[in-house]
Amino acid sequence: MCRAYDPTVSDQCREDDAEYVRDKATANFCDWFVPSAGVFDAAGKQAADAASAQLDALFGGPAVTDSSSDDALSDAEALFKS
């Protein structure tokens with residue numbers, strides 16, 4: 001989400017003095033962070049969601065619903081009651 005982010009350069013940042021962020025899943029701080037406008041593309045997300053739904057329908061992907069979790073819970077309770 002930063003303007004300086006570039007996966008094709010060393011350390012994935014165009015700023016020479018920026019420190020490399022090893023763990024991108026946790027919070028980090030960068031003095032050179034400048035938010036990039038337009039990073040989130042709602043139309044692209046809708047297209048990706050639609051493609052994912054089509055793949056799930058085609059290959060029988062994991063459709064998690066409340067009723068299936070209730071069925072699994074009742075099956076587990078029935079198993080351990082006997």
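Note: hydrogens, waters and symmetry copies are ignored here, and every other heavy atom, side chains too, is used.
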* Using side chain to side chain contact (heavy atoms under 4.5 Å, CB included) as the criterion, list what pairs up with Q54, not counting sequence neighbours. => none
* To do: With sequence neighbours left out, write down each residue that passes side chain to side chain donor-acceptor pair (under 3.5 Å) with D31, or none if nothing qualifies.
  => none
* Asked: Which heavy atom in D23 sits nearest to a heavy atom in N28, and how many Å separate them?
  -> O-ND2, 4.3 Å
* **Partners meeting side chain to side chain contact (heavy atoms under 4.5 Å, CB included) with A4 (sequence neighbours left out)** => C2, C13, E15
* To do: Return the set of residues passing side chain to side chain contact (heavy atoms under 4.5 Å, CB included) with V34 (not counting sequence neighbours), or none when no residue passes.
  => R3
* **For D6, side chain to side chain contact (heavy atoms under 4.5 Å, CB included) partners two or more places apart** => T8, V9, R14
* Structure fact -> Under a side-chain separation threshold of 4.5 Å, the hydrophobic residues clustered together with F59 are L55, L58
* Got a sec, which residues hit salt bridge (Lys or Arg N to Asp or Glu O under 4.0 Å) with D75, two or more places apart in sequence or on another chain? -> none
